[in-house]
Amino acid sequence: MTPSAAYRALQIVDSGELAAPLPGHGDTGTRFRTLAGLTRSDISVGRMVEAHLDADAILAEIAGARTGSGELWGVWAAEPPSHVLSAHRYGDRWQLSGTKPWCSGAVGCTHALVTARDGERRRLFAVDLAQHGVHPQSGGWQNVGMSATDTETVEFENAAAQAIGEPGDYLERAGFWHGGVGVASCWLGGAAKVADTLYDKADPDSDDILMMHLGAVDALLADGWAQLLCAADAIDKAPTDAPLAQRRAFRVRWGIEQIATAVIDRVNRALGPAPLVRSRDHAQAVADLAVYIRQSHADHDLAALGRLVAGSTPDVFGDRT
């Protein structure tokens, strides 16, 4: 992440003015609105703020703690089989050694929540990134999309860490899935940013094709926000129901991903190549959003959702959302 983007993200989270209630505490809709609004302003910065707020919620749920002043946190939980980060305990101290890929804010963040293997168990740790045992790599990110998030591989060499909760606590919470819906709210904000170019171009005298695409985009964005509001209400009503939260997250994330993909396509079809080659801001937004929504596990998540609902009856009225 460029210094200016890191500075902006830290300014936002440290301002004391961010309206981001913890999920499941009665005002989750405001949290999702804030995340969508931040990402509509700047997709990369909004994504970094979302990670910090997710870390804050995780700490609150598992450890009864919160992030501190002057801190910008990441959540580094990707665990592909080709990279292994191991945790070793020495008395009451923990150290991490190994490689962690897909670390957004590898340079800009001050702290991170990091998953590592304690034997065969997956466990969550808090790490101060300023220590000598943390070594961000560079040059691994080749796409201009989301390049400002400084997502790189990080090498850990006997890095001091603090265990957060017990093995399994991170993934077994309903809050893990609430955080996944929070990411979807950022995708919708990014889709709105891409759509802003179409709204700005359109006027009542525009041709019918442009008007058709604008109408479709407007309906898509409204549908996405309705999904998020419905999810927020359901989260507040059942904040600790993990199976319900998992199904909800899979549904909402797939729905918002389809909306974001359709918005990119319709804006491109309506306006042609001009804004992609003449507007740096629009071109960056399209590139950022196209990469960001690939954080979804796509068809794998749909298959997982299918297994969760197999044998049940369709809940077309949202009884189990």
Side-chain angles (χ1 to χ4, degrees), residues 5 32-48 50 104 141-149 151 180-231 249-303 305-306 316:
F32 291 166
R33 184 185 296 275
T34 294
L35 290 172
L38 287 168
T39 317
R40 185 176 188 174
S41 177
D42 186 304
I43 295 175
S44 291
V45 172
R47 184 261 177 272
M48 297 306 300
E50 181 277 323
S104 293
W141 194 270
Q142 300 299 318
N143 197 312
V144 296
M146 300 300 283
S147 59
T149 63
T151 300
V181 180
V183 172
S185 70
C186 290
W187 295 344
L188 188 68
K193 182 173 180 62
V194 170
D196 280 340
T197 301
L198 179 57
Y199 281 85
D200 290 344
K201 177 70 173 178
D203 62 57
D205 296 324
S206 297
D207 65 69
D208 288 344
I209 297 299
L210 192 148
M211 289 290 98
M212 180 271 293
H213 284 299
L214 178 62
V217 165
D218 190 72
L220 286 165
L221 293 175
D223 177 51
W225 183 237
Q227 289 187 47
L228 289 172
L229 285 180
C230 181
F250 282 146
R251 291 168 175 173
V252 174
R253 284 168 64 88
W254 184 82
I256 301 299
E257 179 194 346
Q258 305 315 298
I259 288 168
T261 301
V263 167
I264 291 173
D265 182 61
R266 286 190 176 276
V267 172
N268 286 346
R269 293 168 69 88
L271 301 180
L276 289 171
V277 300
R278 295 176 182 169
S279 170
R280 184 180 300 274
D281 184 62
H282 178 73
Q284 188 65 59
V286 171
D288 286 345
L289 184 59
V291 171
Y292 195 8
I293 59 177
R294 293 279 51 82
Q295 189 179 27
S296 161
H297 295 142
D299 296 342
H300 294 284
D301 283 351
L302 279 181
L305 176 58
V316 294

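Values below: all heavy atoms of this structure, side chains included; hydrogens, waters and symmetry mates excluded.
- Counting only heavy atoms from C-beta outward, the side chains of L229 and F32 never approach each other to under 4.5 Å.
- Of all heavy-atom pairs spanning R253 and Q295, the tightest one is NH2-O, 3.8 Å.
- Separation of atoms CG (L198) and CG (L214) is listed at 5.0 Å; rounding is to 0.5 Å.
- Shown here is D207, whose CG atom has more than 12 heavy atoms of other residues, nucleotides or ligands within 6.0 Å.
- A donor-acceptor pair is defined here as one N or O able to donate and one able to accept, closer than 3.5 Å; no such pair exists between the side chain of D288 and the backbone of G145.
- Checking side-chain atoms of E257 against main-chain N and O of H297 turns up no donor-acceptor pair under 3.5 Å.
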Apply side-chain contact (heavy atoms from CB on, under 4.5 Å) to the pair L228 and R33, showing each step before the final yes or no. CA-CA 9 Å; L228 289 172; R33 184 185 296 275; over 6 Å; no
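- Rounding to the nearest 0.5 Å places CH2 of W141 at 6.5 Å from OG of S104.
- Under the salt bridge (charged side-chain N to carboxylate O under 4.0 Å, His left out) criterion, D42 pairs with R8, sequence neighbours left out.
- Looking only at side-chain heavy atoms (C-beta outward), D265 and T261 stay at 4.5 Å or farther from each other.
- Two residues are said to be in side-chain contact when any heavy atoms from C-beta on lie closer than 4.5 Å; Y292 and V183 meet this criterion.
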Taking it one step at a time, do Y199 and V217 satisfy side-chain contact (heavy atoms from CB on, under 4.5 Å)? CA-CA 9 Å; Y199 281 85; V217 165; 4.2 Å; yes
